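This structure is a prediction, so every number in the text was calculated from the model and none was measured. Chain A is the first sequence line, chain B the second, and so forth, proteins listed ahead of strands; every chain is numbered from 1.
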2 protein chains.
Amino acid sequence: MALRSDWSADSCPIARSVDVVGDPWVLLVLREAFEGATRFEEFRALGIADNVLSRRLAGMVEAGLLERATYDGGNRPRHRYLLTGAGADLLPVLHALALWGERHRPRSTGRMELVHEACGRPTQSADTCSHCHVPVTAADVSWRLPKHPEALLPLAR
Amino acid sequence: MALRSDWSADSCPIARSVDVVGDPWVLLVLREAFEGATRFEEFRALGIADNVLSRRLAGMVEAGLLERATYDGGNRPRHRYLLTGAGADLLPVLHALALWGERHRPRSTGRMELVHEACGRPTQSADTCSHCHVPVTAADVSWRLPKHPEALLPLAR
DNA sequence: GGGTAGACTTTCTTCAAGCAAGCCAGATCC
DNA sequence: GGATCTGGCTTGCTTGAAGAAAGTCTACCC
């Protein structure tokens with residue numbers, strides 16, 4: 001598609017963010033990372049093509065959203081991709097998308113809820129507990145997902 | 001790029017939203033719309049190619065983010081693209097991107113601020129006034145943009 | 001009736017998404 | 001010790017969308 005436009009030096013912070021996360025796979029890889037995925041194999045569950053996943057992971061490491069850590073899994077070296085601070089700070093973007101999706105693209109099969117651990121209630125805000133009025137981060141929120149309505153999933157960070 | 005993946009019927013609301021706004025131009029067209037752009041000619045200022053803009057506007061109308069209104073500008077029929085409720089509800093997504101961009105891709109030239117009209121203070125949340133703790137929508141917020149640091153821009157809705 | 005403005009449409013080239021297959025190193029099976 | 005498996009990629013191919021530029025169409029402007 002010829003070289004896609006570059007907004008990395010745009011004067012608008014929205015455009016600069018779009019330059020980083022204005023891609024479906026980046027957002028979905030982030031979602032998987034928050035849900036605990038760390039290995040190449042785990043991210044494949046998204047249904048992304050291998051070459052695209054490889055490129056995206058490398059790009060996200062370069063963009064500072066993920067960090068590639070080498071650890072040994074049974075004395076063979078393995079890598080995992082861990083959320084950086086910058087990556088974890090994108091949680092409100094995912095939450096805003098989740099809230100919009102629930103409202104404007106609803107499905108009958110179970111809702112997603114963003115539960116504030118401290119008070120146990122779902123919040124309707126992307127970054128604040130709508131009950132306690134305190135800011136929430138990955139450390140304070142768990143997700144209740146449509147596919148596992150009984151489980152409450154603490155987020156990676 | 002072969003046909004891009006389709007998440008419109010995914011069980012995850014994040015994926016369903018990504019299906020709609022997981023594209024740089026859609027997000028930037030939305031930003032322009034919040035800043036008051038309504039006509040084809042005005043959106044061109046984004047630097048988007050005409051054919052791409054044409055397709056995006058049509059897609060966003062079909063997705064229910066924009067509404068194409070015909071009005072008469074000097075007894076010749078003209079169109080404008082207006083934000084729908086669903087489009088306006090994407091404001092928190094743009095705000096979350098703006099806050100992330102300011103924090104993790106800062107520029108020395110002026111900050112963007114999301115000002116809650118009622119109290120006059122900038123909020124650090126995507127959808128709540130961090131001072132008053134009330135939810136904020138396009139009706140309650142104005143943007144202070146890096147390129148016009150003196151102006152306070154009320155948002156379209 | 002020539003020019004301009006707005007809103008597109010068409011044509012062309014380039015590049016990335018998607019798909020499939022291949023590769024390589026270490027572990028595990030037999 | 002050869003064969004298979006697993007994880008994490010890389011390579012090759014096809015198709016379609018992004019980008020750039022030019023063309024179209026309608027209506028007013030002078």
Side-chain angles (χ1 to χ4, degrees), chain A residues 1-8 10 15 18-30 32-33 36-63 66-82, chain B residues 1-8 10 15 18-30 32-33 36-63 66-82:
Chain A
M1 36 173 169
L3 224 29
R4 107 164 188 176
S5 304
D6 175 16
W7 295 278
S8 61
D10 198 283
V18 161
D19 196 68
V20 179
V21 299
D23 173 281
W25 289 126
V26 169
L27 291 164
L28 294 174
V29 165
L30 275 174
E32 289 300 294
T38 58
R39 302 197 336 265
F40 191 93
E41 185 66 14
E42 292 171 323
F43 290 110
R44 290 179 80 178
L46 281 168
I48 185 172
D50 287 358
N51 55 352
V52 178
L53 176 56
S54 177
R55 231 176 312 168
R56 284 294 178 288
L57 289 173
M60 291 172 72
V61 168
E62 202 187 349
L66 298 176
E67 166 190 13
R68 180 180 167 152
T70 307
Y71 71 110
D72 72 32
N75 74 357
R76 154 159 68 150
R78 296 284 180 79
H79 329 289
R80 356 180 242 174
Y81 296 90
L82 302 171
Chain B
M1 38 173 169
L3 227 28
R4 109 165 186 174
S5 305
D6 175 17
W7 296 278
S8 60
D10 199 282
V18 161
D19 196 68
V20 179
V21 298
D23 173 281
W25 289 126
V26 168
L27 292 164
L28 294 174
V29 165
L30 275 175
E32 289 300 294
T38 59
R39 302 197 336 264
F40 192 92
E41 186 67 15
E42 291 171 324
F43 290 109
R44 292 179 78 179
L46 281 168
I48 186 173
D50 287 358
N51 55 353
V52 178
L53 175 56
S54 177
R55 231 176 311 167
R56 283 296 178 286
L57 289 173
M60 291 172 73
V61 168
E62 201 187 351
L66 297 176
E67 167 190 11
R68 181 181 166 149
T70 306
Y71 70 109
D72 71 32
N75 75 356
R76 156 160 64 150
R78 296 284 181 78
H79 330 287
R80 354 181 244 175
Y81 296 90
L82 301 171

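Rounding to the nearest 0.5 angstrom, the gap separating the CZ atom in Arg4(B) from the CG atom in Asp23(B) is 6.5 Å. Atom CG of residue Leu30(A) and atom CZ of residue Arg56(A) lie 12.0 Å apart, to the nearest 0.5 angstrom. To the nearest 0.5 Å, the span separating CE on Met60(B) from CD on Glu67(B) amounts to 13.0 Å.
If you measure from atom CZ of Arg55(B) to atom C1' of dT11(C), you get 13 Å, rounded to the nearest angstrom. For the pair Phe40(A) CZ and dG7(D) P, the interatomic distance rounds to 12 Å; values are reported in whole Å. Following rounding to the nearest Å, Tyr81(B) (OH) and dA7(C) (P) show an atom-to-atom distance of 8 Å. Summarising the geometry, the separation between CZ on Arg39(A) and P on dG7(D) is reported as 6 Å, rounded to the nearest angstrom. Atom CZ of Arg4(B) and atom P of dA18(D) are 9 Å apart (whole Å). Atom CG of Leu46(B) is separated from atom P of dA7(C) by 15 Å (rounded to the nearest Å). When rounded to the nearest whole Å, the span between CG of Asp6(B) and P of dA17(D) equals 13 Å. dT6(D) atom P lies 22 Å from atom CZ of Arg80(A), rounded to whole Å.
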Inset, instruction - Step by step, work out the side-chain contact (heavy atoms from CB on, under 4.5 Å) result for Trp7(B) and Leu28(A). - result: CA-CA 11 Å; Trp7(B) 296 278; Leu28(A) 294 174; 3.3 Å; yes
Inset, instruction - Show your reasoning for whether side-chain contact (heavy atoms from CB on, under 4.5 Å) applies to Leu57(A) and Arg68(A). - result: CA-CA 9 Å; Leu57(A) 289 173; Arg68(A) 180 180 167 152; over 6 Å; no
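The phosphate of dA16(C) (OP1 or OP2) has no side-chain N or O of Trp25(A) nearer than 4.0 angstrom. Phosphate proximity of dT9(C) to Ser54(B): present, with a side-chain N or O under 4.0 Å from OP1 or OP2.
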I'd like a table of donor-acceptor pairs (distance under 3.5 Å, sequence neighbours excluded) in which one partner is a side-chain atom from residues 42-49 of chain A, with atom names and distances.
unit_1: Glu42(A); atom_1: OE1; unit_2: Thr38(A); atom_2: N; d: 2.6
unit_1: Glu42(A); atom_1: OE1; unit_2: Thr38(A); atom_2: OG1; d: 3.4
unit_1: Glu42(A); atom_1: OE1; unit_2: Arg39(A); atom_2: N; d: 2.9
unit_1: Arg44(A); atom_1: NE; unit_2: Asp50(A); atom_2: OD1; d: 3.0
unit_1: Arg44(A); atom_1: NH1; unit_2: Glu41(A); atom_2: OE1; d: 3.4
unit_1: Arg44(A); atom_1: NH2; unit_2: Asp50(A); atom_2: OD1; d: 3.3
unit_1: Arg44(A); atom_1: NH2; unit_2: Asp50(A); atom_2: OD2; d: 3.1

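Heavy atoms of Arg44(B) sit nowhere under 4.0 angstrom from any nucleic acid atom.
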Pairs: protein N or O with nucleotides 20-25 of chain D N or O, under 3.5 Å:
unit_1: dA20(D); atom_1: N6; unit_2: Asn51(B); atom_2: ND2; d: 2.6

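Of all nucleotides listed (dG7(D), dG19(D), dA17(C)), dG19(D) comes nearest to the side chain of Val52(B).
Nearest heavy atom pair, residue Pro24(B) against residue Gly22(A), reads CD-O, 3.0 Å.
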